[in-house]
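Working notes for the structure below.
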Amino acid sequence: MLSSNIKVRFAPSPTGYLHIGGARTALFNWLFARHNKGIFLLRIEDTDQQRSTEEATQAILDSMKWLGLDWDEGPNFQSQRLSIYKQHAEKLVALGKAFYDTDEEGRKAIRFKMQDGATEINDLVHGTITFDASLIEDFVILKADGFPTYNFACVVDDAEMEITHIIRGDDHISNTPKQIALYNAFGFKMPEFAHIPMILGEDGSRLSKRHGATSVTEYRDKGYLPHALVNFLALLGWSPGNDQEIISIQEMIEKFTLKRVNKTSAQFNNTKLDWMNGQYIKNTPVEHLTTEVKVFFEKAGIDLTKISAAWLSSLVTLYHERFKTFQDLLNQTRFFFTDTIEYDQAAVDKFLKKEGIGELLKEVHSAISLIENFDKKHLEDSLRALTTRVGVGFSKLAQPMRVAITGKSISAGIFETMELLGKERTLYSLDYSTKHLCEKSETIKSTAL
RNA sequence: GCCCCCAUCGUCUAGUGGCCCAGGAUGUCAGGUUCUCAGCCUGAAGACAGGGGUUCAAAUCCCCUUGGGGGUACCA
């Protein structure tokens, strides 16, 4: 399978969940590896003893798996390679390229001696970037606790693990001259660098918790499809070169090149993600969706023990083009699963508290209680006939019925909804509404009498 | 402060000197379909940050300004 010697890595630090910026970096590395039939390595950079946690590591692995970003090597943990870094740091000291340094607090660390001069980065997406090395201070490579610093561990590992292309966020551009200096000090083979643009929050500032959902797991829990998220993320900073928006993973792999990665940071846009997720849902077969819905609903506490697979499948079919996420579907269909309907007050006021509505709903009740086969067709025949008989437009009947039965003024087709709800529940809701919600008409009627 | 990166519709982007009085998507608005909403279909509005150059010709090249982002840690 491996026909190239290309090797890349994704190296997150386990100080929090995998956020979408990190996921996008992982994705580009993965895509690059798959496109070139190279190796994708996962390395956990847990050198910050204070902030690294095992839960974070697990969350990162789970997120990667969920997204389908499988790795060929690793995960490697830097915390398990301490002696390697120590050896390398001491080697640099022996070479006179690093030195022991004690700060005011008495902590003894090893610092790297920066050489003056110009450092050039030949970046695959930015082109040549030049730094003045004299502006960079001698930096710590081995901390007093024996742990390496990021810039040092990164270089030692990338060299030892034979990483050929370093694809990472462009917030690392300013680290690169330090790392290049380290590569040169060791005489390591220089890898290629590709700094990809960052993903910003919807207000254009750096992504943080105040932007709402920023972690991959949150999107999973809100009922997004992993492929939709991947597709959306891929288009943030990369494009296939044509007008295509919906791209399969296979096609992404075929078309992915660093050449088509742009330099400008991108603002995350939930609205477009929602649209894209909706597209993926529409393109996913009902059977598959039903399986996912079942899992999602159960996790959300919906009791499906008395619900048949066929019924759930019908529900998904009815809502197939109407929901954007599983959470969205749950919000829209909750009334199917509860004994007491939550009535939207505005909808009740607008459609039920009007003169004659109570009477009308009673007519509906008696008309459909006669129906033997309680399905869409019979319901429609019966109710269309009713409106003709009473002499009102169908929409004048549909809205009050909708509110009475679903609690809201918005729903899927009313006949299909009634059919799925079943005769008993439909009649009950109608009855309940006429008795408790259509007060105004009742009041008017009683005063008239 | 200093260093570095970036700059096309609100947002994601196409565009690598003439094919662009700038194309697509999303969102918005209008119309159509319709039992509501969504969906779908049709249409509209909407951008080359500003200023200088270079060139017969610039969104595309150069410079300056402005704006945004990143770095400047014994965080990664």
Side-chain angles (χ1 to χ4, degrees), chain A residues 11-16 45-52 78 101-103 105 107-111 121 123 125-126 129-132 134-137 139-154 168-178 195 197-200 202 204-206 232 235-246 260 262-276 278-279 282 319-324 328 332 347 351 380 383-384 387 393-403 406 408-417:
Chain A
S13 64
T15 53
E45 309 214 321
D46 53 349
T47 53
D48 184 337
Q49 294 196 77
Q50 260 58 313
R51 300 194 300 146
S52 298
Q78 290 188 325
D101 180 51
T102 308
D103 67 5
E105 296 171 46
R107 294 178 299 180
K108 192 166 167 240
I110 297 180
R111 278 182 190 277
I121 305 172
D123 192 275
V125 347
H126 289 268
I129 303 170
T130 311
F131 281 90
D132 180 357
S134 66
L135 262 20
I136 302 170
E137 64 172 11
F139 57 96
V140 170
I141 54 177
L142 201 73
K143 298 184 262 187
D145 63 3
F147 277 64
T149 56
Y150 162 72
N151 283 124
F152 187 65
C154 185
R168 65 194 357 172
D170 65 17
D171 50 332
H172 285 292
I173 287 181
S174 44
N175 282 320
T176 311
K178 294 179 186 173
H195 289 95
M198 300 188 68
I199 296 177
L200 272 24
E202 300 209 71
S205 69
R206 190 177 190 140
F232 178 76
L235 260 22
L236 250 32
W238 175 79
S239 84
N242 53 30
D243 290 339
Q244 205 177 352
E245 299 277 337
I246 306 296
R260 294 209 58 81
N262 66 33
K263 295 184 273 207
T264 56
S265 52
Q267 288 183 216
F268 194 83
N269 184 238
N270 275 294
T271 310
K272 188 160 183 179
L273 204 214
D274 283 349
W275 166 79
M276 189 164 279
Q279 293 297 307
K282 279 197 293 185
Y319 282 84
H320 200 178
E321 301 197 339
R322 310 177 64 89
F323 71 100
K324 291 192 156 97
D328 179 25
Q332 288 191 56
F351 296 108
E380 179 153 15
L383 293 170
R384 294 258 183 215
T387 52
F394 185 71
S395 56
K396 288 275 182 281
L397 175 63
Q399 281 307 80
M401 280 198 304
R402 194 187 314 282
V403 177
T406 71
K408 290 173 291 196
S409 57
I410 294 169
S411 81
I414 193 63
F415 306 121
E416 293 90 335
T417 300

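The structure displayed is predicted, hence computed values, not measured ones. Lettering follows sequence order; numbering is per chain, from 1. Every heavy atom of this structure was used, including side-chain atoms; hydrogens, water molecules and symmetry mates were not.
Distances shown here put every side-chain N or O of A:T130 at or beyond 4.0 Å from the OP1 or OP2 atom of B:C4. At B:G68, none of the side-chain N or O atoms of A:R206 fall inside 4.0 Å of OP1 or OP2 (strictly under the cut-off). In terms of phosphate contacts, A:R260 brings a side-chain nitrogen or oxygen within less than 4.0 Å of OP1 or OP2 of B:G15. The phosphate of B:C4 has neither OP1 nor OP2 within less than 4.0 Å of any side-chain N or O from A:K178.
Proximity note for A:N175 (side chain, C-beta onward) versus B:U26, B:A76, B:G39: the nearest is B:A76. Proximity note for A:S395 (side chain, C-beta onward) versus B:U13, B:A76, B:C35: the nearest is B:C35. Distances were taken from every side-chain heavy atom of A:T271 (C-beta onward) to each of B:A76, B:U26, B:U13; the shortest belongs to B:U26. Closest to the side chain of A:T264, from the set B:G39, B:U8, B:G71, is B:U8. Of all nucleotides listed (B:C3, B:A25, B:G69), B:G69 comes nearest to the side chain of A:M198. Closest to the A:Q279 side chain, of the nucleotides B:G39, B:C4, B:C40, is B:C40. Which of B:U11, B:G70, B:G69 sits closest to the side chain of A:S174 comes down to B:G70.
With both ends at atom C1', the span from B:C74 to B:A7 equals 37 Å, rounded to whole Å. Across B:G39 and B:U26, the matching P atoms stand 10 Å from one another, rounded to whole Å.
To the nearest 0.5 Å, atoms CG (A:L236) and OG1 (A:T264) are separated by 9.5 Å.
No hydrogens or angles were tested; on distance alone, nothing pairs the side chain of A:N269 with the base of B:C12 as donor and acceptor under 3.5 Å.
In this model, no donor atom of one side chain and acceptor atom of the other lie less than 3.5 Å apart for A:N151 and A:T149.
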